[in-house]
Amino acid sequence: MSRQSNYLSISDILVTNEKIPCKFLHDLPKMGFLDPSSTEDDLKLGTNVEIPLWLAESLYFRKPPLVSVDLPKIYKEAYREILNADACTVDLHKLGQHFYELGCYIAKHDIKGEVANTLINTFRQRFRMILSASCSTDSISSLQPLSESERERTAAAAVTEKALSLWLQRGDCPLSTANMVASHRKRKRAEMEMF
Amino acid sequence: MEYDNIELSDDEEEITAQTVLRTLQNAWQNERLAPEILPHQNEMVECMLGQIQHMERNINKLPKTDLRASIHKMELNRIKFIICNYLKTRLDKIEKYCISILNDEKQRLESGTNYLTPSEYKYAQEYLINMESHLKEAALDHVPGNMQSFDLNKLVIYPNLQAHVFLKANETVTGIILEDLGGDQDEEIDLEENSQHILQYKPIADLLKSGKVQLM
Amino acid sequence: MFGEKVIELIKEAERNRDTIDQYNDEKVRQIIEEMHVLFKMNMADANATSENKSLWTTVQVRHSALERNKRCLLAYLYNRMNKIRTLRWEFGSVLPSDVRELLSDSEYTWFSKYSTNLATYMRSLGQDIGYSGIDLTENLRPPKSLYIEVLCMSDYGKLELEDGDVILLKKNSRHFLPTSECQTLIRQGILKQIT
Amino acid sequence: MDPYEIEFIGENRIVNIIPNFSHDKIFLICGEFGPFRAGLPMNVPLWLGVMLKQKQKCRIVAPDWMDIEVLENIKEEEKKSRFFTKMPNEHYMVEAKLILGTAAEDKPRASEIKTIIKDIWDIRMSKLRTSMDALMKTGGSYGRLDHLTMMEINSVKPLLPQAMDELHRIKMNARKTMPVQSSLNSAVSQPGSSQSIL
């Protein structure tokens, strides 16, 4: 469940699919379609467009860089102030599904290092939200204002919590059907019932 | 039903089955909790398998309802659990970190400090070959020419040596350097005998391998 | 926009973590086709860069898209590989036909090779001291008792026990069996432990 | 690890039993036990004690610390102390669960004892939560955890170590204001100029 990013990591691929605002520093012939508001064939120097992070990163790292990257709203000063004051009040489920992971990529575009500090502060403050969500008996509903990775951590902690309370309650743990076997049986049954 | 003391091939020193079992149990626990693969304990595994075999033969001589038979069987099941779980944990790591383990292992083989058993090494190599041929057959062979490479440097997955682990110090160790990313100064800590800590794996990896600390 | 089809594929892999879906042959084919189109455009534009230097940046953008598609394709396959590996550990070396149908030909070949490699490894265990190998798919749980009571979930047929006794496993039949000899059948969902 | 695996480790602890049968020494791989003399106390591993108890071959003698007075003291100490106090043994919860679970009738006032042990466990668990939060707030890269038992440590996995890993990753990545190629984010950023395009 660890979120280490690597070439084959699905979660990192989803993070790098997020769109971020960029400004093109060169003309791009035939790339007009990258700007949905334009009908031109070519993309002109100076155009501001939102493109996926993976594309922005690869264009930014060309020498010379082909784009400059602007901060998405949630990392800008207005939000940073709110987050630094009380990060727990912000609904990251709505405003930043991949707040930390995207932030790690974005932070280098903020030379003053404010984004980095906000990420660290926010993470530290919101840890207690995960703590309390993981031992609440409700299932992790979509109503909770947690980001995607916070949600995953909460779910993992809830699994531990549940295993422990089962252990405390009962004697032996019966042997059980393997996970995938059980899931496939369940799916097969569901499919059969449809007919 | 007595067991003999066992002589390990390389060692002149005699060790008891009890010690071997304890070593193996410890190795299992550490392997389960360490992010990277640890040096193998093949001698201990084989030695224990020998004990199991010996014991099983003797149990078969006992009447089925003999109390001793069930006690011995229960103990054997416990030991088999440790061995299977230990070996499977290693296989899981070998598969997940296949490329990086093979890279490290090639260097270790040269210096004779290999972490994998010969069987594990063969398994890892074969696993990589199978992975390569599947990815080629399913995708790489069909994409445009300059995209076809099976690039080990990109596909490699490293164990997270920066992962935080819980440990107990078996003896006092001083001067562990913790990397401090916030300030300018790294922090230095001592591990007193029997004290417990949560810290990054990397600075204590060697202590774990030399048995000075154990993971919890 | 680039790389959109391939993201659908990735999202497919992300859903249903406990089951494996039908291999999406059609989408994989479309993505590979898209890559060939991008590649051809790049060939043409690269040859034209002497007249129009800014075409070079366009080539670089498309190249990034090609790399992205490749990464996502490999991640899709790799993610499935890990699931297929789990199938081997949970179902055993023979897959039920409805599960087998979910795999592509190449995936099934991989499954077989994986299975052979695993079997070779397991057979090698303890060979030096006269063992015929150890099955690592057994003894997965800490042992609690030597015998357990089980309920048979399907008509399985005969099972020969180590002591030579043969029992008939019929749907809904109950048995009192050595734990070590029925744990695999429990994991495969053929038997269920009664507590 | 799951709780049953930690229980498995705890089952190696030695407990005192009083067998109701006689038998010669048994030579197990983990050591020799016996001789068994009906009515005379002796030591065996916990797993063996539980097994014999289930076969009604022995009584398990509850360890000294499973005593209401002793436990009340431990509970008071635990309440008073800011830190985790030292428990009677490092698998106290496993011992309590197995001995009081399988051999409750061997121990008078077993259910009261169970309740106090659970109280102590709960006090420690809530202390653990508070200290985790404090650890993350103050540093989040190192903590000393003396006297926590393995089962207690396991209860904060993967939450605490993963949160610390994640915080470390954020510090590593976000603090890098210069575009350096590192193994951590190499997944996307491949400086392009040197790369062959066609």
Side-chain angles (χ1 to χ4, degrees), chain B residues 1-3 16-18 20-22 25 28-29 32-33 35 48 51-52 54-55 58 67-68 70-72 74-76 78-79 81-82 85 144-146 153-154 156 158 160 162-168 176 178-182 187 189 191-192 194-201 203 215-216, chain D residues 1 5-6 8-9 11-12 21 23-33 36 44-45 47-48 51-52 55 57 84 90 132 135 139-150 153-154 156-157 160-172 175 183-184 186-187 190 196-198:
Chain B
M1 196 187 297
E2 204 156 346
Y3 53 81
T16 62
Q18 192 182 352
V20 175
L21 178 56
R22 218 175 275 153
Q25 162 138 1
W28 163 61
Q29 224 170 296
R32 276 296 296 270
L33 299 168
M48 218 10 80
Q51 290 290 304
I52 292 176
H54 179 70
M55 198 63 103
N58 286 329
L67 178 64
R68 270 181 305 166
S70 32
I71 294 175
H72 283 299
M74 191 63 188
E75 188 187 35
L76 292 185
R78 290 176 64 82
I79 298 172
F81 166 72
I82 295 176
N85 201 297
N146 67 337
N153 292 330
K154 273 189 182 164
V156 62
Y158 295 99
N160 182 9
Q162 264 84 36
H164 290 78
V165 292
F166 293 94
L167 69 79
K168 183 182 197 132
I176 310 286
L178 304 177
E179 186 187 357
D180 180 21
L181 294 158
E187 199 181 337
I189 56 155
L191 310 174
E192 291 155 41
N194 284 326
S195 60
Q196 301 180 164
H197 312 258
I198 180 168
L199 40 62
Q200 272 188 11
Y201 176 76
L215 300 181
M216 321 182 60
Chain D
M1 287 195 171
E5 290 176 285
I6 294 169
F8 173 84
I9 295 168
E11 280 172 342
N12 290 323
F21 64 100
H23 197 289
D24 291 342
K25 253 190 193 178
I26 292 191
F27 295 92
L28 294 178
I29 293 176
C30 65
E32 20 179 293
F33 299 94
F36 297 76
V44 292
W47 62 264
L48 181 51
M51 185 176 168
L52 292 172
K55 291 180 184 287
K57 296 274 187 200
F84 295 96
E90 53 190 346
M132 281 205 287
L135 179 78
S141 60
Y142 165 74
R144 183 158 172 164
L145 307 149
D146 287 350
H147 306 322
L148 272 177
T149 65
M150 213 170 164
I153 283 178
N154 201 59
V156 302
K157 287 180 197 166
L160 181 63
Q162 264 187 18
M164 292 168 82
D165 296 352
E166 187 61 21
L167 185 62
H168 176 81
R169 205 173 79 93
I170 295 173
K171 284 181 185 168
M172 287 273 289
R175 286 256 162 86
S183 63
L184 272 161
S186 66
Q190 294 289 325
S196 81
I197 299 259
L198 286 168

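Each chain gets a letter, A, B and so on, in the order the sequences are listed, and its residues count up from 1. What you see below is based on every heavy atom in this structure, not just the backbone, and it leaves out hydrogens, waters and symmetry mates.
- Atom-to-atom distance recorded for D/I26:CD1 and B/I71:CD1 is 3.5 Å, nearest 0.5 angstrom.
- The local environment of CD in B/Q25 is crowded, with over 12 non-hydrogen atoms from other residues, nucleotides or ligands closer than 6.0 Å.
- Put simply, the side chain of B/R78 gets close to the backbone of D/F8: a donor and an acceptor are under 3.5 Å apart.
- Only the side chain of B/L21 comes within contact range of chain D, with at least one heavy atom under 4.5 Å from a heavy atom of that chain.
- Proximity to chain B (any heavy atom under 4.5 Å) is shown, for D/M164, by both the backbone and the side chain.
- At least one donor-acceptor pair under 3.5 Å links the side chain of B/E75 to the backbone N or O of D/I29.
- For the pair D/E5 and B/N85, the minimum side-chain heavy-atom distance is below 4.5 Å.
- Atom CG of residue D/L28 and atom CD of residue B/Q18 lie 10.0 Å apart, to the nearest 0.5 angstrom.
- Proximity to chain B involves both the backbone and the side chain of D/N12, based on heavy atoms less than 4.5 angstrom apart.
- Of the two parts of D/F21, only the side chain, counted from C-beta on, holds a non-hydrogen atom closer than 4.5 Å to a non-hydrogen atom of chain B.
- Separating the CD atom in B/Q29 from the CE atom in D/M150 is a distance of 4.0 Å, to the nearest 0.5 Å.
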Can you list the steps and then say if B/M216 with D/E90 is a side-chain contact (heavy atoms from CB on, under 4.5 Å)? CA-CA 11 Å; B/M216 321 182 60; D/E90 53 190 346; 5.8 Å; no
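- Interface remark: D/K25 contributes no atoms to any contact with chain B (heavy atom separation under 4.5 Å).
- Remark: the backbone N or O of D/L145 is paired with a side-chain donor or acceptor of B/Q196 at under 3.5 angstrom.
- With a 4.5 Å cut-off on side-chain heavy atoms, B/F166 and D/V156 count as touching.
- Within the model, atoms CD of B/Q162 and NE2 of D/H168 stand 4.0 Å from one another, a figure rounded to the nearest 0.5 Å.
- Considering every non-hydrogen atom in both B/I189 and D/Y142, the closest pair reads CD1-CE1, 3.4 Å.
- At a 4.5 Å heavy-atom cutoff, the contact between B/L67 and chain D is made by side-chain atoms alone.
- Interface remark: D/I9 contributes backbone and side-chain atoms alike to the contact with chain B (heavy atom separation under 4.5 Å).
- Summarising the geometry of D/F27 relative to B/M55, their closest heavy-atom pair is O-CE, 3.7 Å, with the distance given to 0.1 Å.
- Looking at D/H147, the atoms closer than 4.5 Å to chain B (heavy atoms on both sides) all sit in the backbone: N, CA, C or O.
- Note that the NE2 atom of B/H164 and the NZ atom of D/K157 stand 14.0 Å from one another [nearest 0.5 Å].
- For chain B, the option among D/I153, D/L160, D/N154 with the highest count of heavy-atom pairs below 4.5 Å is D/I153.
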